[in-house]
Protein chains: 2
Amino acid sequence: MAVPERAPRERMVFSAAQLIRRDGVSSTGMRDVAAHARAPRGSLQHYFPGGKEQLVNEAVGWAGRYAGDRVARFLAALPEPTPGALFALMVRQWTDEYESHGFGGGCPVAAATVDRAGSADSTREAASAAFTGWTGAVAGALTGMGVPVERATPLATLMISSLEGAILIARAERSVRALTTVARELGPLLDAAASGPDSGRGTGE
Amino acid sequence: MAVPERAPRERMVFSAAQLIRRDGVSSTGMRDVAAHARAPRGSLQHYFPGGKEQLVNEAVGWAGRYAGDRVARFLAALPEPTPGALFALMVRQWTDEYESHGFGGGCPVAAATVDRAGSADSTREAASAAFTGWTGAVAGALTGMGVPVERATPLATLMISSLEGAILIARAERSVRALTTVARELGPLLDAAASGPDSGRGTGE
DNA sequence: CGGCTACTATGACAGCCGTCATAGACGTCA
DNA sequence: TGACGTCTATGACGGCTGTCATAGTAGCCG
């Protein structure tokens, strides 16, 4: 809500990401972005000569980097890191937002993918890079918890897929049910992968 | 691609769903829908006096019903139905499409949620109903496979969440990797829920 | 035949969009 | 002081959008 005191250019990228995740790419106008960032309209063509496409791509990139950084911060906040606990924190970020600020926004990367993947290829690539970076951050965290390297990326993909899908359902239903459900159902599976590499069945507690 | 020989009204709803899942709601114009359905433009205001919102809502409803019906058909196609096998078929539907027709389209319900959930409440409700119906169909199939009733809906939500998220990532990456990954990773968990109600760890093979 | 309903056809409208052209303000450096 | 680069300001343009108004056609019924 509050726009931090940063350089105008960065503010515009930030505002773009925020508006995109609420209204979608097509429904977000350049004029809206400038107004939301309290930046002059004329600066848009100055900072983003590539037009809307460039602005959207940078917003997507920003969101991807933000998601990756959050993973590192979640990791640092966990006294005894386990994959299930990390996933619970990732989900919690969304339930907290939805319960305190309403179901107004989704994931900007998802929004960009849904309505630009078929038309603007550079935006599709930006979204792909965002997912890749995010997945890499999660996979790195998993290996640090004892998950075998070859299982880290698949599990990270599963976590992000479930989270993105649950965000969608949560917004549609205006309920955090789907989010809490995927966290609860996936937690044991993730933790088992950290303790028992071969099958996750034997080592027990 | 080919528009079947149905009533013009139904053709328009069908075409709307197809265009929405490819370009998003905002980027899909009413004129495009009429052209794609080979229906006269003037019929739009005749069949859909509620305007674009009504058309979009019906397209979302159609997609939800379609997804639910597919579950029943998948179930009938399985000689020995297990939750993991059902999920594999649900995922396979998307990998098949992507590998044979390209990554042009996503899920219409997801598209509608992303760029109408915040503006048109009736569309958000239509999307919610679509997810609910779909989840109910999957949950019903799960209970028929021996999954305890209280676990059926959560697991169905997990399946649909993972699938939706994986579709998103697959489109962004132009690769079916995320789809095949969630199917492989989630399969054992789902099957365990069908055979071992209490924890899924002990009963073995 | 007239009358009615279902559907089609088309032009117009106001509004928003991204983009561009042009001009102005402001600081800095020579 | 004057010139220059950075940033701001604003009006205009063409194009597309959803919607409406109006008129037309086709077929059935009496």
Side-chain angles (χ1 to χ4, degrees), chain A residues 3 5-20 22-60 108 111-112 114-116 118-124 126, chain B residues 3 5-20 22-60 108 111-112 114-116 118-124 126:
Chain A
V3 177
E5 282 290 344
R6 295 180 195 166
R9 192 185 195 284
E10 194 178 349
R11 286 211 317 269
M12 285 189 271
V13 174
F14 177 80
S15 288
Q18 208 156 344
L19 292 179
I20 285 171
R22 167 152 61 207
D23 303 322
V25 176
S26 297
S27 304
T28 296
M30 303 285 273
R31 292 163 173 87
D32 303 337
V33 173
H36 184 273
R38 277 182 208 74
R41 212 192 83 196
S43 299
L44 278 172
Q45 74 176 285
H46 182 255
Y47 288 116
F48 307 95
K52 185 176 187 175
E53 191 167 327
Q54 180 187 358
L55 177 59
V56 170
N57 294 356
E58 295 202 22
V60 169
V114 158
D115 85 11
R116 283 298 194 266
S119 50
D121 207 62
S122 72
T123 303
R124 201 216 80 235
Chain B
V3 178
E5 281 288 343
R6 295 180 194 166
R9 191 184 196 282
E10 195 178 347
R11 286 209 318 267
M12 286 189 271
V13 174
F14 177 80
S15 289
Q18 209 157 343
L19 292 179
I20 285 171
R22 165 152 61 209
D23 304 322
V25 176
S26 297
S27 305
T28 297
M30 301 285 272
R31 292 165 172 86
D32 302 337
V33 173
H36 184 275
R38 276 181 208 76
R41 213 191 84 199
S43 298
L44 277 172
Q45 75 175 284
H46 183 254
Y47 289 115
F48 308 95
K52 186 176 187 175
E53 190 166 328
Q54 180 187 357
L55 177 58
V56 170
N57 294 356
E58 294 201 22
V60 169
V114 158
D115 85 10
R116 281 302 194 264
S119 51
D121 207 63
S122 72
T123 303
R124 201 217 80 237

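A quick note: this is a predicted structure, and the numbers were derived from the prediction, not measured. Below, chain A is the first sequence line, B the second, and so on; all start at residue 1. Just so it is clear, the values below take in all heavy atoms, side chains as well, and ignore hydrogens, waters and symmetry mates.
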>> Please list, in numerical order, the residues of residues 41-51 of chain B that have a heavy atom closer than 4.0 Å to any atom of DNA chain D.
In response: B/R41, B/Q45, B/G51

> How would you list, by chain and number, every residue that makes a side-chain hydrogen bond (donor to acceptor under 3.5 Å, both in side chains) with B/T123, sequence neighbours excluded?
Replying inline: B/N57

>> Tell me the interatomic distance from B/R11, atom CZ, to C/dT8, atom C1', rounded to whole angstroms.
In response: 13 Å

>> Run the side-chain contact (heavy atoms from CB on, under 4.5 Å) test against A/D121 and tell me which residues pass, sequence neighbours left out.
In response: A/R124, A/E125, B/R174

> Taking only residues two or more places apart in sequence, or in another chain, which ones meet B/V25 in a side-chain contact (heavy atoms from CB on, under 4.5 Å)?
Replying inline: B/I20, B/K52, B/V56, B/A112, B/D115, B/R116

>> At a heavy-atom distance below 4.0 Å, what parts of residues 52-60 of chain A sit against DNA chain D?
In response: none

>> Run the salt bridge (Lys or Arg N to Asp or Glu O under 4.0 Å) test against B/E53 and tell me which residues pass, sequence neighbours left out.
In response: none

>> Using a 4.0 Å cut-off on heavy atoms, which residues in residues 24-35 of chain B reach DNA chain C? List them by number, or say none.
In response: B/R31

Taking only distance into account, with no hydrogens and no angle test, what donor-acceptor pairs under 3.5 Å do side-chain atoms of residues 41-50 of chain B form with protein atoms, sequence neighbours excluded?
none

> Out of curiosity, A/Q18 CD to A/T28 OG1, how far, rounded to the nearest 0.5 Å?
Replying inline: 11.0 Å

>> Between C1' on C/dC17 and CG on A/L19, what's the gap in Å once rounded to a whole number?
In response: 15 Å

>> List the residues meeting side-chain hydrogen bond (donor to acceptor under 3.5 Å, both in side chains) with B/R9, not counting sequence neighbours, and say none if there are none.
In response: B/E58

